[in-house]
There are 2 protein chains.
Amino acid sequence: MPQHSTSGEISLSVIKTACSNCNLRELCLPFGLNIEELERLDDLVSTRRRIKRGDHLYRAGEAFDAIYAIRSGFFKTDVLLEDGRDQVTGFQMAGELLGLDGISTEHHTCNAIALEDSEICAIPFSRLESLSREIHTLQHHFHKVMSREIVRDHGVMMLLGTMRAEERLAAFLLNLSQRFTARGFSHAEFYLRMTRDEIGSYLGLKLETVSRAFSRFQEEGHIAVQQKHIRILNVNGLKALMNHRS
Amino acid sequence: MPQHSTSGEISLSVIKTACSNCNLRELCLPFGLNIEELERLDDLVSTRRRIKRGDHLYRAGEAFDAIYAIRSGFFKTDVLLEDGRDQVTGFQMAGELLGLDGISTEHHTCNAIALEDSEICAIPFSRLESLSREIHTLQHHFHKVMSREIVRDHGVMMLLGTMRAEERLAAFLLNLSQRFTARGFSHAEFYLRMTRDEIGSYLGLKLETVSRAFSRFQEEGHIAVQQKHIRILNVNGLKALMNHRS
DNA sequence: GCGTTCGCTTGATCCAAGTCAACCACGATT
DNA sequence: AATCGTGGTTGACTTGGATCAAGCGAACGC
């Protein structure tokens, strides 16, 4: 793992990025490619960038010309309404793509902010399109990734539209747990990278409600919470909470 | 306009469908293509199908192999949870695409149901992928359409996560109005194709709440409602309702 | 080491929307 | 014309989560 930048700035590095030896390749865009294809993708994904905690990867309104793969770290995306209200639309971790929303208007439609010091790979979109005209597998996988994003959003709509507070939080924790597991981390123990307020914004709840739900889950023995440190003690308990109409 | 099928069944017709003389082509997939490219798309979009009001175009769980363009009519998509709760994830009208969610898992993840007698064009997905490897413009436009779907979903998340009942309904009406306008219909007068219950499901509200909000809008002179017939009397009033933190 | 700040927790109160229930309007059926 | 069913409206009441407010603990700057 490379060291973090010592300067306080976003740093552009010319380190040779290589999908071919990235351990996230099976989670990320290169999924399913053979060696020769991978090397062609390497040429495309040439810039890696460090984003410090709290900095923007991009902002709503900026011109879109690349999508970003998260190499390490953790992001949130959010949308701001004219009247000041905002909503977190997602949390993204290593191996996931950012910026897909920008394709439609050629401008980013949300902000992407690092929740911890992170590293991303920039993928110039027009070059991705031309490469995917040549590599069938890449094209298809990219379509799957976009479609998966749509399905994920439907899940969030379901959550916001039909679930009560505790169900939402249970669903959220189970989803995080499952994504950490896919990345080789513990499914039962992790640190939240976001605040209660950010969780609340994502789940359509106020931070106090999130906090109370955490406390309740702890009282009932489903989890152990200590600030941002979460241990899941009873997965099935959480699953049951999620499915039962009160 | 073709006549409705006289049989009670979904009918498969071999009418020569042609994007090239479809008046929705500028709203739909063919956007931006030249004549020669349009003809190649015509070959691909060969099957047109009629779906009667209340019938499914596809169901969650079915194998995915095509996306669908709505030639005429009106659809809703919904997702069903194991515990019986369901949520309408969208309403689609002529020129819009259905089925994009199925790409990710190769199975449809929601149900698509006609809210009035409708006609769709089936677009075999693997053939669309190969054609878009050859036609740059088609590829790019398809990516834009998928991305637009993601942006739309973020809008719904915003609505469900941060807006109160009347704001949601105002946003919904303005969105419908805008889409009808884009199709050459009146922006101020239209018939709702869906029930109060379906609107409520989409907006994360109960049907009674939707009904009360309609009544309130009417009392305040923003709209005139008579069952499913809506006239918008004061667009700015609705817009103001949407943006103001109470 | 100490004060300040930020994020989190907890309690008391309030209110928007949900729930339950009655009733109405319009179409379809006979 | 009478009946039935579905969808819509409206009222009375309840409630889950928001709001307001106080206090606490960990992290950070000086």
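Just the heavy atoms: all of them, side chains too, but no hydrogens, waters or symmetry mates, feed the values below. Within every chain, numbering begins at 1; the chains are lettered A, B, ... in the order of the sequence lines, protein sequences first and strands thereafter.
Remark: A/Tyr68 engages A/Tyr58 in a ring-ring contact (aromatic ring centres under 6.0 Å, His included) (not counting sequence neighbours). Among residues two or more places apart in sequence or in another chain, the salt bridge (charged side-chain N to carboxylate O under 4.0 Å, His left out) test is passed with B/Glu149 by B/Arg152. Take A/Phe190 and apply the ring-ring contact (aromatic ring centres under 6.0 Å, His included) test, not counting sequence neighbours, and it matches A/Phe180. Listed by chain and number, the residues in a side chain to side chain contact (heavy atoms under 4.5 Å, CB included) with A/Val145 are A/Leu97, A/Leu100, A/His141, A/Arg148 (sequence neighbours excluded). Scored by the ring-ring contact (aromatic ring centres under 6.0 Å, His included) test, A/Tyr191 finds A/His229 as partners (sequence neighbours excluded). Every residue two or more places apart in sequence or in another chain was checked for a ring-ring contact (aromatic ring centres under 6.0 Å, His included) with B/Phe74, and none qualifies.
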Any protein N or O atoms within reach of nucleotides 5-9 of chain D? Criterion: under 3.5 Å, listing atom names and distances.
| residue | atom | partner | partner atom | Å |
| --- | --- | --- | --- | --- |
| D/dG8 | OP2 | B/Arg196 | N | 2.9 |
| D/dT9 | OP1 | B/Arg196 | NH2 | 3.2 |
| D/dT9 | OP2 | B/Arg196 | NE | 2.8 |
| D/dT9 | OP2 | B/Ser211 | OG | 2.9 |
| D/dT9 | O5' | B/Ser211 | OG | 3.2 |

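One interatomic measurement links the two molecules: CE of B/Met163 to C1' of C/dA17, which rounds to 17 Å at whole-angstrom precision. Atom CD of B/Glu166 is separated from atom P of C/dA17 by 8 Å (rounded to the nearest Å). Note: CZ (B/Arg216) to C1' (C/dA16) measures 11 Å, nearest angstrom. A straight line from NE2 of A/His229 to P of C/dT9 spans 14 Å, rounded to a whole angstrom. A straight line from CZ of A/Arg168 to P of D/dG16 spans 14 Å, rounded to a whole angstrom. We find that CD of A/Glu167 is positioned 14 Å from C1' of D/dG17, with the value rounded to whole Å. Atom CG in A/Leu115 sits roughly 16 Å away from atom C1' in C/dC6 (whole-Å rounding). One can place CG of A/Leu169 at 15 Å from C1' of D/dG16, the figure rounded to the nearest angstrom.
End-to-end axis angle for the helix from C/dG1-D/dC30 to C/dT30-D/dA1, using five pairs per end and rounding to 10°, comes out at 40°.
A/Phe64 has its ring centre no less than 6.0 Å from the ring centre of A/His107.
Look at A/Glu119 and A/Arg48 and you find a salt bridge, because one of the NZ, NE, NH1 or NH2 atoms lies within 4.0 Å of a carboxylate O, short of that distance.
Residue contacts for B/Gly200: at a heavy-atom cut-off of 4.0 Å it reaches no nucleic acid atom on any strand shown.
Applying the salt bridge (Lys or Arg N to Asp or Glu O under 4.0 Å) definition to pairs two or more places apart or across chains, those involving residues 218-236 of chain B are B/Arg216-B/Glu220.
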